[in-house]
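Everything on this sheet refers to the single structure shown next.
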Amino acid sequence: MFCSHCGKEIQPGTKFCPACGADVSAQTQVTESANKVFQSAEGELTSAVNEVRDTIQKGDTVYAGERLTDNRGLISYILLSIITCGIYSYYFVYKMAHDVNIACSGDGQETGGLLQYILLSIVTCGLYSLYWEYKLGNRLAANAPRYGMTFQENGTTVLMWRLFGALLCFVGTFVGTNILINNSNKICNAYNRYNNL
């Protein structure tokens, strides 16, 4: 870390720059917070790479007794998508469909996987991705009572944020994604607790 006043290198946790005496305690706190966020994102990215490697080696099969991911976050999603030039967003779709299909199995529906998502999104000029999110939002809301919960948000809410929220400098896109993340986290967490995972 470097002093913002004189540019000299300072040790983490330092309150005053040893070269110029400037107060750098706020700068130290911001740096430490940023490091924690990036370490969390790095751990999630490493986990994603390992899981994709294992899936390629073993094939994509549903494992009974598998602990589902219940700690996804919007900030991690955005950071990892930026860092990987959008590749992480495809892993996110793959993993989200995988986890929801396990947690909601037996409801007579199936959330389309990554290959279906990519191919149909290309063929429909991106419209299928909106339909996929709409169906996912509805499926999560329909399965919430199964685990003793109710979600006010459903596929229509996600779709409205996607379409009309795009007029607000695309902020709605992130709100819609956050709804899906939060609801899937709750369903996966309930599934993990129900199955003692």
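Computed from heavy atoms alone, side chains included, the values below leave out hydrogens, waters and symmetry copies.
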Ignoring hydrogens, what is the shortest heavy-atom contact between [X] and [Y]? Give both atom names and the distance.
X      : Y      : answer
Asn71  : Thr69  : OD1-CG2, 3.4 Å
Gly112 : Trp132 : O-NE1, 2.9 Å
Asp107 : Gln109 : OD1-N, 3.0 Å
Arg162 : Leu130 : CB-CD2, 3.9 Å

Between the side chain of [X] and the main-chain N/O of [Y], is any donor-acceptor distance below 3.5 Å?
X      : Y      : value
Tyr77  : Ile181 : no
Asn192 : Leu197 : no
Asn154 : Thr156 : yes
Asn101 : Thr111 : yes

Next item on the list: Mind telling me whether Tyr128 and Tyr117 have parallel, tilted or perpendicular rings, with 30° and 60° as the class edges?
Entry: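 Perpendicular: the ring planes of Tyr117 and Tyr128 meet at over 60°.
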Note to self: Please report the interatomic distance OH(Tyr191) to CZ(Arg146), rounded to the nearest 0.5 Å.
What the structure shows: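 Here the interatomic distance stands at 9.5 Å.
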Check: Per the side-chain hydrogen bond (donor to acceptor under 3.5 Å, both in side chains) rule, which among Thr177, Asn182, Asn178, Asp99 passes with Arg72?
Finding: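 In the set Thr177, Asn182, Asn178, Asp99, the residue that makes a side-chain hydrogen bond (donor to acceptor under 3.5 Å, both in side chains) with Arg72 is Asp99.
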Check: Between Tyr91 and Tyr88, is the ring centre distance below 6.0 Å?
Finding: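 That pair passes the under 6.0 Å test.
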Margin query: Quiz question: by atom type and distance under 3.5 Å, do the side chains of Asn183 and Arg139 form a donor-acceptor pair?
Written below: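 Their side chains do not contain a donor-acceptor pair, so the 3.5 Å distance test is not met.
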